[in-house]
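Worksheet: one structure, shown below.
As the structure lists them, so they are numbered: ligands from 1, and atoms in each ligand from 1.
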Amino acid sequence: MLPGFFKNAWAIGYTQFWMFSILSIQLIAVLFEGIGLSAVLPVLQFIEHGGNFDVLTNSGPHWKYLIKAAEILDVSIDLPLLLIAVFTLILLRQLCIYARDVYSASVQLRIISHVRNKAFDGFLFADLDYHDEARSGQLVNELTTELLNAAASISTGIKFIGHLLTSGIYCAIVFALSSYLTVLAFVILLCVAVILLRVMRKIHSLGYLVTQANQEMSTFLVERIKSIRLVRLSNIEEAERQALQSFTERQRKSLFEQRKMLALLGVLIEPIVLAIALILIYFAVTELGLELTSILLFSFILLRLAPIVKEAIIHRQSYMAQVASAEVLIERLSYLEKSKEDTGGPINLIELTDGIKFSDLQFRYASASANALNGLSFEIPAGKMTALVGPSGAGKSTIVDCLPRLRKPSSGQILFDGIPQQEISARSLRQAIAFVPQHPQIFNVTVAEHIRYGYPDATDEAVYLAARLAQAEEFIGHMEHGYDTMLGEGGIHLSGGQRQRLDLARALVKQAPILVLDEPTSNLDPESEEKFLFALETVRRETMTTLIVIAHKPTTIRLADRIAVIENGVLAALGTHHELVANNSWYQLAYRDRDYDKTSG
Ligand code: ADP
């Protein structure tokens, strides 16, 4: 257990200094405990022999030291002095335990926030392969429940070590009193341990079940909370309710089993130790003829030892139950560390004057058996609007994810004004590319804060200009608190079209040279769509931004200067609408029957 304990402690973030300090305070406490207990013997002997030093000097070497110490300190040994000394030692021990608990609580709380921040950092900077696989509920559970358990496992381990040391000291004292009795006690204890071991093993395996049940429950809850619309629209509330009930039931059962076993362990230990103590006293009196003071002290220590052994065993079991959480958390931390994306090269991309070139670009998702991009080559000219069209699954979103290096190409290159993407810093690349997603995420912030998201230094004027370009100025003006109106949860609710335009304003405030839009009008009604497209047209006319739009609707495509048809991860055709209608079969089929020509006029 101990090597694993220290390995986990370092992995979670305990420094050797912290561990050394906590254990040192613990050790000092144990030493005071030991000396305090040993000092009970002289007190008893002093009482038994009525303070007769001639007899006392012969009753053990400890009296010689005591008398010498009293001479040096120039005090005379009497009963009050001995009692005060014992009391002081016990008090000092309590002080050390207090210091240990306060210090270890402060370290533990520091570790909890440190690990949570570290894991969240890892989450923020992990590559998308990680996010493809990660289940949000799992991470939330790991950073809350499992993290607390993991931190508690180290504190429990420290307490366990403390109890081990204390038990060691107690054993040393009883051994000094009577080696024969101590050995006998150990033999009996070993036999009893076999029974206890079964209970302990059970508690250990229940620990893993509880961790697993916690994870399942959190994952389930987070996923359902995120998808409540789907649940309601699919009419499966009852099934979901039952699913949660079964998770709750499983968690309850494994937790209950664990508590039951711990309770059993709790009640078993004390009677066992007491029985041993009584057997030993019997032997001491009948067989060994020990002095009454020694028997008294021996019994006293054994009785003190009972709760300590009990606590040590319970701490060990709690540690075993909590260590599963520590292992899950450590695994997550190391996985996050491995998934960290690189920060790119040294060049800063400030503007785009020539364009973006894809050269034989290939990309395969970690979990896929075939390439999503299969040697894609084409150019996107700067300052123009390029539409990416093609069947679903053709690779359009993958291209858009590769642009800011959210996905790293397996081979081939993307060049920005001739500079290979990997030589550009990821930070500047993302600064240079603004993105409007299909479903804008609105946090619980004000209108102005939303527009500034990702560009907090934007001046008020820049915010107003972006809102004007995005055609959002008017509806913001109608809100009660204008730019200070709260959005999102607990705030004002926006229509789909307003969300899109507000999000366009957010993307525009960066004044990034490249603006990528992922089917921005796919969820809009015709009126909102018209307003959004007008906003996009304004951006095209009034700025030098390079626009890249993943488009399905002819109404969006009609704005594009060039249209790239992507099929099976390659460029199938490139041209204007009229060229494509003439040359590309997929485009012909997709747009022949639509009202493209009517709207393009
Ligand atoms: P489009 O945007 O044109 O609909 P995508 O770029 O989303 O196409 O997908 C291209 C291919 O990659 C598809 O075959 C799709 O199934 C696959 N794909 C997309 N995302 C992932 C992912 N996270 N993991 C594995 N395969 C993916």
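Interatomic distance, L209 CG to S254 OG, rounded to the nearest 0.5 Å: 5.5 Å.
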Return a table of donor-acceptor pairs under 3.5 angstrom between the side chains of residues 376-384 and protein atoms on other chains or two or more places apart.
unit_1	atom_1	unit_2	atom_2	d
S377	OG	D360	N	2.8

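By the salt bridge (Lys or Arg N to Asp or Glu O under 4.0 Å) test, R468 pairs with E542, sequence neighbours left out. A search for salt bridge (Lys or Arg N to Asp or Glu O under 4.0 Å) contacts involving E423 returns nothing, not counting sequence neighbours.
Formation of a donor-acceptor pair under 3.5 Å by the R501 side chain with backbone atoms of A470 is not found in this model.
Atom NE2 of H481 has 12 or fewer neighbouring heavy atoms from other residues, nucleotides or ligands inside a 6.0 Å radius.
Among protein residues, D132, Y365, S367, A372, P391, S392, G393, A394, G395, K396, S397, T398, R407 come within 4.0 Å of ligand 1, judged on heavy atoms.
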